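Report on the following structure.
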Amino acid sequence: MIGVSAGRLRAYLRAGVLSPEKGTRGELRFSFQDLLLLRKAEGLVSQRISPHRVRRALKKLRERLTDEQPLTGVSLGTDGPQVVVHERGARWQAESGQVLLSFDKQQAEADEAPLVALHTRTTGERPASDVVPPTVEEIYELACDLDEADPERAESSYRQVIAQSPHHADAHINLGRILHERGELVPAEEHYRRALAIRPNDATASFNLGVVLEDGGHHADALEAYRRAIATDDRNADAHYNAARLYDLLGDYAAALRHLRICRDLARKQR
């Protein structure tokens, strides 16, 4: 509806700026306010503000607002690379909270006046010692943004995350999926297994492991991975369907029929 990729939507969810409710089947239900906020966020991205900076600004802003003040009720704009809040004739940076002053003589033209942030260097430059390197989570969020549009850069970013934080399960899963889609089954399997070693009850890692094992012809091991995914999330219709196929292939027709029935029932509920 509003052109947000799955990777970027997941990043907004991780940042905690959206408030979806869970439906009866565990699906996420987004409110109209969530959609408005996503549209506002994507509008900032379209003005050449980086997606991770927009998310960071919205997260900081949410922390400052009271429960009665929704993010959608705040007027946002840009000042160079910064997200700026417009409130009652004043402006301040969403991330730092720094107030912005206008030195234009005509108050009515304040919105068009050049802005100066308090406590910033007048040269507009930052010394190298002041440059703050991105955090592991910021690199991970950037990788999620690149996931669909530029898989090679996403892969590089996921590898940076893992190099700095070897126990980052989500980075292992996403890197495994990129390698899997490229046909590199063995390294993909390795990353799925490392994710499960870190987070044993991760249904996504278990399901993906099942798929990569099945693609490699290891049907018995793949079936075990699907069973593990189902044990963690018994509403995973794809896992039931894949398990039914493998049970049928291995000659256990009763088990195959049982999982097909469950898959059919889940599909009906999702209509």
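Numbers for residues simply follow the sequence, beginning at 1. Treat the numbers as computed from the prediction; the structure is a model and nothing was measured.
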Would you say Val161 and Leu179 are hydrophobically clustered, going by side-chain heavy atoms of ILVMFWY under 4.5 Å?
yes
Nearest atoms (heavy-atom pairs only) where Leu246 meets Leu223
CD1-N, 3.6 Å
Is it possible for you to say whether Ile139 and Leu175 belong to one hydrophobic cluster, with membership spreading through side-chain heavy-atom contacts below 4.5 Å?
yes
Please find the pair of heavy atoms, one from Tyr192 and one from Ile173, that lie closest to each other, and give the distance.
CE2-O, 3.5 Å
So, for Ala195 and Ala169, which heavy atoms are closest and what is the spacing to 0.1 Å?
CB-O, 3.8 Å
Can Leu196 be reached from Leu185 by stepping across I, L, V, M, F, W or Y side chains whose heavy atoms are under 4.5 Å apart?
yes
To the closest 0.5 Å, what do you measure between CG (Asn208) and CG (Asn174)?
9.0 Å
Answer with yes or no whether the hydrophobic clustering places Tyr140 together with Ile162; edges join I, L, V, M, F, W, Y residues whose side-chain heavy atoms lie under 4.5 Å apart.
yes
Mark yes or no for whether Glu214, through its side chain, and Val211, through its backbone, hold a donor-acceptor pair below 3.5 Å.
no
For Tyr226 and Asp238, what are the C-alpha separation, side-chain angles and deciding distance, and is it a side chain to side chain contact (heavy atoms under 4.5 Å, CB included)?
CA-CA 9 Å; Tyr226 290 138; Asp238 290 331; over 6 Å; no
What I'd like to find out is whether the side chain of Phe207 reaches to under 4.5 Å of the side chain of Asp233, using heavy atoms alone.
no
Give a yes or no on whether a salt bridge exists between Arg227 and Glu224, defined as a side-chain N under 4.0 angstrom from a carboxylate O.
yes
Nearest heavy-atom neighbours spanning Ala143 and Ala154
O-CB, 3.6 Å
Here the gap from Leu213 atom CG to Asp221 atom CG, rounded to the nearest 0.5 Å, amounts to 6.0 Å
Can a donor-acceptor pair be found, under 3.5 Å and without considering hydrogens, that links the side chain of His218 to the backbone of Val212?
no
Arg228 side-chain N/O to Pro200 backbone N/O, donor-acceptor pair under 3.5 Å
yes
Which atom pairs, donor and acceptor, lie under 3.5 Å between side-chain atoms of residues 247-263 and protein residues at least two apart or in another chain?
residue	atom	partner	partner atom	Å
Asp252	OD1	Ala255	N	3.2
His259	ND1	His240	ND1	3.0

For side chain to side chain donor-acceptor pair (under 3.5 Å), just list the numbers for His172 and Glu190, CA-CA rounded to whole Å, side-chain angles, deciding distance to a tenth of an Å, and then say yes or no.
CA-CA 9 Å; His172 282 293; Glu190 179 185 346; over 6 Å; no
Spell out, as yes or no, whether a donor-acceptor pair under 3.5 Å connects the side chain of Ser157 to the backbone of Arg153.
yes
Does any part of the side chain of Glu152, heavy atoms only, come nearer than 4.5 Å to the side chain of Asp150, both counted from C-beta?
yes
So does Ile178 get a backbone contact from the side chain of Tyr158, meaning a donor-acceptor N/O pair under 3.5 Å?
no
Looking at Phe30, I want to see if its CZ is surrounded by more than 12 non-hydrogen atoms of other residues, nucleotides or ligands under 6.0 Å.
yes
